[in-house]
Amino acid sequence: MKLNYTRIILTAAAVVFFYTACKKSETKPDAKTLSAIDTSNTKIAFNLMQGLSGAYGGTNINDGIKAESNITNGQNNGAIVFKKVPLCGFAIDTTFNTKTKSADTNKTFFGNFKFVYTCSTDRPDGYRTHDSVVSVAVSPLLKNSFTAAQDYTVKALDTTYKLVSTNGSILSITDNAIYKDGFSVGYDYNYNSYTLHGLKIDFTKGSADIITGVAEFKSTTSYLHPGDKQVTEVSNTGTITFLGNHKARLHLNEKNKSYSVNLLTGGVTAI
């Protein structure tokens, strides 16, 4: 989980290009029943892990926070140029807006990215990130949009940088519309927001494993598919309690139901 100085450049450069790979698939949504929507709500915990790992755009918590304690001149004598790391307080703050076209589909990616290293002593041991990503794809048959936002802090809890704490929020919104002969004939909408409380994340074995902490969430799924006579909408609030070993317990308040969730595969089991 070591971070070298090339990440400063790569992070800034990768922001725009990364989103082209992270947009939602531009296909017509499959018809769903109410029971299928209930099932999709159990994916809420898995979606949060996707958000933390940058799968929807923005910062990837797996990239780590460690930086070198000294900077040398790169010569054979290895003379130290800086005793203290100048990254403390270093910030990347940028906006982006790019447009592309593929066949009959126009695509737009825009947003804002801010990343700041934080230090408790004289070297980075954490960071703050605040970023938002919006991708829009428009063709005669569809209009798909996806929004992702991250606003959280990460702080190292030991000198190995393999145990960190996280607090903040993550948001994702998907809004896909279907058109026929110039008229809207259906849509899929999904909203998920998360508030992170005291997440403790262990990187000892490589990928992030949230071993303790709680995330509160709000989720709304709404759709009207071709042939449907009325809109179906399902809303939930609840909590995700992290148990370690890539497992969590998801509780849906409105239904008073709980599920065991595998955060690596997204698999769920009713408790």
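Only this structure's heavy atoms are used, side chains among them; waters, hydrogens and symmetry mates stay out.
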Taken in chain and number order and not counting sequence neighbours, the residues that satisfy side chain to side chain donor-acceptor pair (under 3.5 Å) with Asp202 are Thr204
For residues Leu199 and Leu243: do they belong to one hydrophobic cluster (side chain heavy atoms under 4.5 Å, members Ile, Leu, Val, Met, Phe, Trp, Tyr)? no
OG1-OH distance between Thr195 and Tyr152, expressed to the nearest 0.5 angstrom: 14.5 Å
Not counting sequence neighbours, which residues clear side chain to side chain contact (heavy atoms under 4.5 Å, CB included) with Thr212? List them please. Lys200
Residues two or more places apart in sequence or in another chain: which of them pass side chain to side chain contact (heavy atoms under 4.5 Å, CB included) with Asp158? Thr160, Leu163
Check: Asn236 and Lys255 side chains under 4.5 Å, non-hydrogen atoms: yes
Could you walk me through whether Ser258 and His251 pass side chain to side chain donor-acceptor pair (under 3.5 Å), step by step? CA-CA 4 Å; Ser258 294; His251 182 75; 2.8 Å; yes
Using side-chain heavy atoms (C-beta onward) and a distance below 4.5 Å, is Lys107 in contact with Ser135? no
Worked verdict on Asn112 versus Thr95 for side chain to side chain donor-acceptor pair (under 3.5 Å): CA-CA 4 Å; Asn112 147 269; Thr95 59; over 6 Å; no
With a 4.5 Å limit on heavy-atom distance, are the side chains of Phe217 and Ile240 in contact? yes
Quick check against the 3.5 Å criterion: does Asp209 have a side-chain atom that pairs as donor or acceptor with the backbone of Ile211? no
Nearest heavy-atom contact between Asn144 and Ala177 is OD1-N, 4.0 Å
Using a 4.5 Å cut-off on heavy atoms from C-beta on, say whether the side chain of Tyr127 contacts that of Thr153. no
Ile271 side chain reached by Arg249 side chain, heavy atoms, under 4.5 Å: yes
Polar side-chain atom of Thr118 near backbone of Gly126 as donor-acceptor pair, under 3.5 Å: yes
Residues two or more places apart in sequence or in another chain: which of them pass side chain to side chain donor-acceptor pair (under 3.5 Å) with Ser120? Asp125, Lys155
Any side-chain heavy atom of Thr174 within less than 4.5 Å of one from Tyr191? no
Could I get the full list of side chain to side chain contact (heavy atoms under 4.5 Å, CB included) partners for Lys229, not counting sequence neighbours? none
Verdict with supporting geometry, Tyr194 and Glu216, side chain to side chain contact (heavy atoms under 4.5 Å, CB included): CA-CA 6 Å; Tyr194 306 89; Glu216 297 177 295; over 6 Å; no
Distance in Å, Leu264 CG paired with Lys247 NZ, rounded so as to fall on 0.5 Å steps: 8.5 Å
Considering all heavy atoms of both residues, which atom of Ser132 and which atom of Phe96 are nearest to each other, and what is their separation? O-CZ, 4.0 Å
Can you classify the ring geometry of Phe113 versus Phe115 as parallel (below 30°), tilted (30 to 60°) or perpendicular (above 60°)? parallel
Heavy atoms only: give me the nearest Asp131-Lys114 pair and the separation to one decimal. CB-N, 4.3 Å
Please step through side chain to side chain contact (heavy atoms under 4.5 Å, CB included) for the pair Leu263 and Phe242, ending with a clear verdict. CA-CA 10 Å; Leu263 298 173; Phe242 295 94; 3.8 Å; yes
What residues form a side chain to side chain donor-acceptor pair (under 3.5 Å) with Asn106, not counting sequence neighbours? none
Taking C-beta and beyond as the side chain, do Val164 and Phe203 meet within less than 4.5 Å on heavy atoms? yes
Evaluate the criterion side chain to side chain contact (heavy atoms under 4.5 Å, CB included) for residue pair Lys143 and Asn176; output intermediate values, then yes/no. CA-CA 6 Å; Lys143 180 179 180 180; Asn176 298 332; over 6 Å; no
State yes or no: do Leu171 and Tyr189 share one hydrophobic cluster built from I, L, V, M, F, W and Y residues joined by side-chain heavy-atom distances below 4.5 Å, directly or via other members? yes
Yes or no on side chain to side chain donor-acceptor pair (under 3.5 Å) for Asn190 and Asp188, after CA distance, side-chain angles and deciding distance? CA-CA 7 Å; Asn190 187 262; Asp188 266 305; over 6 Å; no
All heavy atoms of Pro124 vs all of Cys88, minimum pair found to be N-SG, 4.0 Å
Taking all heavy atoms of Tyr259 and all of Ala270, pick out the closest pair and write down the distance. CD2-CA, 3.7 Å
Does Asn167 use its side chain to pair, donor to acceptor, with the backbone of Gly198 at less than 3.5 Å? yes
With a 4.5 Å heavy-atom cut-off, do Ser235 and Ser219 have their side chains touching? no
Considering all heavy atoms, the nearest Leu196-Ala215 contact: CD2-CB, 4.0 Å
Check the pair Val134, Phe109 against side chain to side chain contact (heavy atoms under 4.5 Å, CB included), reporting the backbone distance first and the verdict last. CA-CA 6 Å; Val134 180; Phe109 308 96; over 6 Å; no
Would you compute the distance between atom CG of Leu142 and atom OG of Ser184 and round it to the nearest 0.5 angstrom? 11.0 Å
If we ignore hydrogens and angles and just use 3.5 Å, is the side chain of Asp151 paired with the main-chain N or O of His130 as donor and acceptor? no
Under the side chain to side chain contact (heavy atoms under 4.5 Å, CB included) test, residues paired with Leu224 that sit two or more places apart: Tyr187, Asp228, Val231
In chain order, what residues pass the side chain to side chain donor-acceptor pair (under 3.5 Å) check against Asp181, with sequence neighbours excluded? none
Side-chain donor/acceptor of Glu254 to backbone N/O of Thr237, under 3.5 Å: yes
